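Report on one structure; see the data block that follows.
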Amino acid sequence: MRILLLASAFNSLSQRLHAELRDRRHQVEFQLGGDDEELSATMARFRPDVLLAPMLRTAIPQEVWSELTCLIVHPGPPGDRGPSSLDRAIQDGRTEWGVTVLQAEAEMDAGPVWAAEPCGLPEHGKSDLYRNEVSDAAVAAALLAVERVASGTYVPQPQHGPGWRRTVRTRPFLRQHDRRIDWAADPTETVLRRLRAADSQPGVLDELCGGEWFLHGGHREPLLRGRPGELLATRAGAVCRATSDGAVWIPELRRRRTPGGPATFKLPAVAALGALLPPLPEALAPLMPDEGERPGWSDISYREDGPVGLLRFAFPGGAMSTEHCRRLLAAYRFALGRPTSVLVLGGGRDFFSNGIHLNIIEAAPDPAAESWANITAMDDLVAEVLATTDRLVVSALGGNAAAGGMMLALAADEVWCRAGSVLNPHYRLMGLYGSEYWTYTLPRRVGTAEAGRLTEQALPVSAAAAERIGLVDRVLDCGPGEFGANAAHLAGLLAASPAAQQRIAAKKAVREADERAKPLAAYREEELAVMRRQFFTPESPYHALRSAFVHKRPVPAGLLART
């Protein structure tokens, strides 16, 4: 079928559907929503059989949905209506939810149902759930709906009449007044639900250090206590704030925009507050906690299961700043000092990595200099992984990976990913050539021709397609919550394999032969020579593309053609 994807952003769900529909040999085109004239032109040119809207903030014009079957992916079960469905479900503490694919009509979310799929809502932030449990359900429902449209025989279920057994509930937009935290009265559970329901957007508006800020993300703190609302400590760029019966860690903040002032964006909480932050202790979490120890939240942790080392990291949005890279490198070197034969890098349920931290770069006094510091820190980390020859290294991608984060994964001996992962092994959409030794690792895995196609076309790749072309070695078909344990179990089998030590010896020989043919330092030097020009040339498309990405502005016309 010819399928037009219409969305307000080419977000994780839009990318996953784009990739999985193409895997099923559908012709797919993506259209950014909001411009009715451009939509009409695309409709006339592409002539789709069906329109699928996985994430749309604007209504589809009547002249479109009255002539063509238009499928809306709604992040709520049948009968649920309203623009804040998932936010309200999380804030209300729902543990079971669902996704509905319905047909566009005049009344929002009221059209007949083509497919629906249930999903759980474990205690995680909205963006994590959206990319994982909700995405799994949305893809299953959307693919089924597309099959039903293609059959030409299926009759969708109207949301009324004798065949409808659900309660219809239309709930209004969740405003900041309804998200507000009462630090003196709200227990930790309530605070966490409110923070999680707004973790990516829009955040929870609050007063902090004499200013108004949007709070993004929240994690439970098991030990620290203080006066409700008081800041207690910092850790890995986050701040700890006391609740009425405990405390929570808040990783990111965004200053409220002043009338007529510049747009604001998320930053690590400590960096955002800057000089406004009072003196606070840095409550370090042990990298490798003792058995029974309760250190609470940390963005990097290490544990062992017999001969397997498990180095996990989880940075907001998958972005890795200079400091993130340096701390992860130190943790990786610690792991190398442990007596293991297999080291698993990653294994969390959400983003693996998306490469350099564009928000921190945008906020830096000298963005070019910070870009350079960030990419060299990423390169240092990747170089250490590539140089590891005394054990096998596995990259375990429970979630999505892109750009330099994908190339970090490719530095390992094996790459495993969850079936729901979306991979973007390219840099072009940010106007960059890329580094992280990709000119060595990507062709080595997929061949020179395929590496060129991936980096030039700059399209998302599904987990199944990635396995087919050799980009990854294994796809784990499991839920987001099971991925880490499954990857650890498989790593244990790998370590116990009689061939493990032979593979380690062979790996060392191959690395030495490759080094003689062309040193890793040469790949790095060639890549960084291009990157230096892109970073330090003011007219480079990278700077405008980065700024547009960070501030969520449309990309200037014709800019991508120059990359």
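When reading the values below, keep in mind they use all heavy atoms of this one structure, side chains included, and skip hydrogens, waters and symmetry mates. Bear in mind that the values here come from a model prediction, so they are computed numbers and not experimental data. One-based numbering along the sequence shown.
Between Glu133 and Arg349 a salt bridge is recorded (basic side-chain N to carboxylate O distance below 4.0 Å).
Here the CZ atom belonging to Arg445 is positioned 12.5 Å from the CG atom belonging to Leu454, to the nearest 0.5 angstrom. Rounding to the nearest 0.5 Å places CE of Met406 at 8.0 Å from OG of Ser395.
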Given Glu147 and Arg24, is the salt bridge (charged side-chain N to carboxylate O under 4.0 Å, His left out) satisfied, shown in steps?
CA-CA 11 Å; Glu147 286 181 12; Arg24 289 158 177 79; 5.7 Å; no
Might you work through the salt bridge (charged side-chain N to carboxylate O under 4.0 Å, His left out) test for Glu362 and Arg546, ending with a clear yes or no?
CA-CA 7 Å; Glu362 184 73 7; Arg546 182 196 68 241; 2.7 Å; yes
Run Ser127 and Asp199 through side chain to side chain donor-acceptor pair (under 3.5 Å) and show every step you take.
CA-CA 7 Å; Ser127 57; Asp199 70 338; 2.9 Å; yes
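Looking only at side-chain heavy atoms (C-beta outward), Arg254 and Leu267 stay at 4.5 Å or farther from each other. Between Asp299 and His324, some side-chain heavy-atom pair lies under the 4.5 Å cut-off. A 4.5 Å side-chain heavy-atom check between Val555 and Leu545 finds at least one atom pair inside the cut-off. Between Leu71 and Val50, the closest side-chain pair of non-hydrogen atoms falls below 4.5 Å. Side-chain atoms of Leu476 and Leu490, non-hydrogen and from C-beta on, do get closer than 4.5 Å to each other. Using a 4.5 Å cut-off on side-chain heavy atoms (C-beta onward), Ile504 and Thr389 make no contact. Residues Val134 and Val99 meet the side-chain proximity criterion, which asks for heavy atoms closer than 4.5 Å. With a 4.5 Å cut-off on side-chain heavy atoms, Glu304 and Thr340 count as touching.
In this model, a donor atom of one side chain and an acceptor atom of the other lie less than 3.5 Å apart for Glu414 and Trp416. Side-chain contact check for Glu370 and Thr322: at least one donor-acceptor pair (N or O, by modelled atom type) lies under 3.5 Å. Ser14 and Asn11 are linked by a side-chain donor-acceptor pair at a separation below 3.5 angstrom, with hydrogens and angles left out of the test. Side-chain atoms of Thr388 and Tyr332 include a donor-acceptor pair closer than 3.5 Å. His26 and Arg22 share no side-chain donor-acceptor pair at under 3.5 Å. Looking at Arg428 and Thr455, their side chains never bring a donor and an acceptor atom within 3.5 Å of each other. With no hydrogens or angles considered, no side-chain donor-acceptor pair links Glu29 and Thr42 at under 3.5 Å. Side chains of Asp23 and Ser462: a donor on one and an acceptor on the other come within 3.5 Å. For Arg16 and Ser135, the side-chain atoms include at least one donor-acceptor pair closer than 3.5 Å. Judged purely by distance below 3.5 Å, without hydrogens or angles, the side chains of Gln534 and Ser540 never pair a donor atom with an acceptor atom.
Aromatic pair His219/Trp249: ring centres not closer than 6.0 Å. Checked against the 6.0 Å centroid threshold, Tyr427 and Tyr433 do not count as a close aromatic pair. Between Tyr523 and Tyr440, the distance separating the two ring centers is shorter than 6.0 angstrom. Taking the centre of each ring, Phe313 and Phe315 come in below the 6.0 Å mark.
Not one N or O on the side chain of Arg312 forms a donor-acceptor pair closer than 3.5 Å with the backbone of Arg303. Remark: side-chain polar atoms of Ser298 are paired, donor with acceptor, to backbone N or O of Ile300 under 3.5 angstrom. The backbone N or O of His426 sits nowhere less than 3.5 Å from a side-chain atom of Asn424 that would complete a donor-acceptor pair. Of the possible donor and acceptor atoms, one in the side chain of Ser421 sits under 3.5 Å from a partner among the backbone N and O of Leu397. Counting only distance, with no hydrogens or angles, the side chain of Asp128 and the backbone of His124 share no donor-acceptor pair below 3.5 Å. The backbone N or O of Gln201 sits nowhere less than 3.5 Å from a side-chain atom of Lys266 that would complete a donor-acceptor pair. With Arg2 contributing its side chain and Phe46 its backbone, the two residues share a donor-acceptor pair below 3.5 Å. In this structure, Asp350 contributes its side chain and Gly399 its backbone to no donor-acceptor pair below 3.5 Å. Between the His543 side chain and the Pro538 main chain, no donor and acceptor come within less than 3.5 Å of each other.
Note: Phe30 and Phe10 have tilted aromatic rings, judged against thresholds of 30 and 60 degrees for the angle between ring planes.
In plain terms, the two heavy atoms of Arg511 and Leu386 that are nearest each other are CD-O, 3.3 Å. Residues Ser435 and Leu528 come closest through the heavy atom pair OG-CD2, 3.5 Å.
Other residues, nucleotides and ligands contribute only 12 or fewer heavy atoms inside 6.0 Å of the NZ atom of Lys508. With a 6.0 Å radius and a threshold of 12 heavy atoms from other residues, nucleotides or ligands, Glu525 has its CD atom at or below the threshold. Within a 6.0 Å sphere centred on NE2 of His489, heavy atoms belonging to other residues, nucleotides or ligands number 12 at most. A 6.0 Å sphere centred on CZ of Phe549 holds no more than 12 heavy atoms belonging to other residues, nucleotides or ligands. Crowding of Arg45 atom CZ: a count of heavy atoms from other residues, nucleotides or ligands under 6.0 Å exceeding 12.
Applying the salt bridge (charged side-chain N to carboxylate O under 4.0 Å, His left out) test between Asp380 and each of Arg524, Arg327, Arg333, Arg326 identifies Arg524 as the sole match. Of the options Asp477, Asn486, Asp136, a side-chain contact (heavy atoms from CB on, under 4.5 Å) to Arg418 is made by Asp136 and by none of the others.
Both tests hold for Arg532 against Trp372: distance to the six-membered ring centre under 6.0 Å, angle to the ring axis within 45°.
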